[in-house]
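Notes to accompany the following structure.
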Amino acid sequence: MERTLSIIKPDGVKKNVIGEVIKRFEANGLRIAAIKKIHMTKAQAEGFYAVHRARPFFGSLTEFMSEGPVVTIVLEGNNAIAKNRELMGATNPKDAAAGTIRKDFAADIERNVVHGSDGPETAAFEISYFFNALEIF
Ligand code: GDP
């Protein structure tokens, strides 16, 4: 059993595809261990994406992630990190495989509907950024 953090980003929430995204997780063996809707401040988005601080798109990305509410989710299942990344598809929807969340719903490389942790250490940091132990089941 492994846990990972998923975020349905502000564009996904605005497109009203929260249910569509969650349906794909559940249909593929991932369980919702925790879930909440929040609206991050710019500073909170900057803290979440601190590893990307030096990237040229950091300002734009954190502006986007704080423009409206997101849905944060702890997913649990076998190989949850890799499974979630597979369901999400490539960062740029143009490169994403058919049937992936980003291929089906994303507009561009930034507004790409979902976030998913990329490894065990990132998953642990990202889950603890939004949830405490009493909120995960
Ligand atoms: P992910 O793990 O597939 O989400 O991709 P990364 O960790 O490389 O990037 C984090 C997030 O930054 C992506 O999901 C996009 O929202 C955004 N992003 C990545 N690359 C670019 C880029 O070249 N330009 C812009 N504007 N945003 C990007």
Side-chain angles (χ1 to χ4, degrees):
M1 271 310 154
E2 190 174 62
R3 284 176 178 171
T4 188
L5 184 86
S6 167
I7 302 177
I8 303 176
K9 297 182 178 184
D11 59 330
V13 171
K14 282 176 190 155
K15 286 179 176 169
N16 216 23
V17 294
I18 296 170
E20 276 296 330
V21 172
I22 290 176
K23 190 160 110 185
R24 291 172 186 220
F25 295 150
E26 293 187 331
N28 286 278
L30 295 174
R31 202 178 63 75
I32 308 293
I35 183 165
K36 65 182 154 196
K37 194 179 202 181
I38 58 160
H39 187 163
M40 281 188 276
T41 62
K42 183 113 185 326
Q44 287 168 337
E46 286 167 358
F48 178 72
Y49 277 120
V51 290
H52 291 314
R53 211 181 299 107
R55 310 274 282 267
F57 54 83
F58 182 69
S60 171
L61 172 62
T62 52
E63 192 69 48
F64 161 51
M65 290 299 286
S66 57
E67 76 177 26
V70 300
V71 176
T72 55
I73 302 167
V74 179
L75 294 172
E76 186 178 83
N78 288 321
N79 299 313
I81 296 170
K83 170 61 73 180
N84 180 40
R85 301 279 311 178
E86 185 187 318
L87 295 172
M88 287 162 58
T91 309
N92 190 338
K94 290 195 185 83
D95 305 325
T100 60
I101 294 166
R102 284 167 166 172
K103 185 66 171 188
D104 291 345
F105 303 118
D108 58 49
I109 193 168
E110 181 170 278
R111 304 180 74 85
N112 58 5
V113 178
V114 276
H115 167 84
S117 309
D118 63 4
E121 290 80 22
T122 347
F125 165 75
E126 292 180 351
I127 289 169
S128 69
Y129 197 79
F130 296 110
F131 297 94
N132 69 52
L134 298 176
E135 297 173 313
I136 306 171
F137 303 93

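Whatever order the structure lists them in is the order used to number ligands and atoms, beginning at 1.
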Region of Leu61 that comes within reach of ligand 1 [heavy atoms, distance under 4.0 Å]: side chain

More than 12 heavy atoms of other groups within 6.0 Å of Asn16 CG: no

Option passing salt bridge (charged side-chain N to carboxylate O under 4.0 Å, His left out) with Glu67 (candidates Lys42, Lys9, Lys14): Lys14

Identity and distance of the protein heavy atom lying nearest atom 15 (C) of ligand 1: Ile109 O, 3.2 Å

Under 3.5 Å: N/O of Thr91 near N/O of ligand 1: yes

Met65 to ligand 1, any heavy atom closer than 4.0 Å: no

Those atoms of ligand 1 less than 4.0 Å from some heavy atom in Arg55: 8 (O)

Candidate with minimal heavy-atom separation from atom 4 (O) of ligand 1, of Met88, Arg85, Arg102: Arg102

Parallel, tilted or perpendicular: rings of Phe57 and His52 (30°, 60°): tilted

Pair Glu135 + Lys36: basic N to acidic O under 4.0 Å: yes

Least distance between heavy atoms, Ala107 atom then Pro93 atom: C-CG, 4.1 Å

Protein heavy-atom partner closest to atom 18 (N) of ligand 1 - residue, atom, separation in Å: Phe57 CE1, 3.5 Å

Arg85 side chain vs Gly116 backbone, donor-acceptor pair below 3.5 Å: yes

Close-contact set for ligand 1 against Lys9 heavy atoms, below 4.0 Å: 13 (C), 14 (O), 15 (C), 16 (O)

Ligand 1 versus Arg111: contacting region, heavy-atom distance under 4.0 Å: neither

Ring geometry between Phe130 and Phe48 (parallel below 30°, tilted from 30 to 60°, perpendicular above 60°): tilted

Atom 9 (O) of ligand 1: the protein heavy-atom neighbour that sits closest, reported with distance to 0.1 Å: His52 NE2, 3.8 Å

Atom indices of ligand 1 within 4.0 angstrom of Asn112 heavy atoms, with elements: 13 (C), 14 (O), 15 (C), 16 (O)

Over 12 non-hydrogen atoms of neighbours within 6.0 angstrom of NZ in Lys23: no

Protein heavy atom at shortest distance from atom 16 (O) of ligand 1: Glu110 O, 2.8 Å

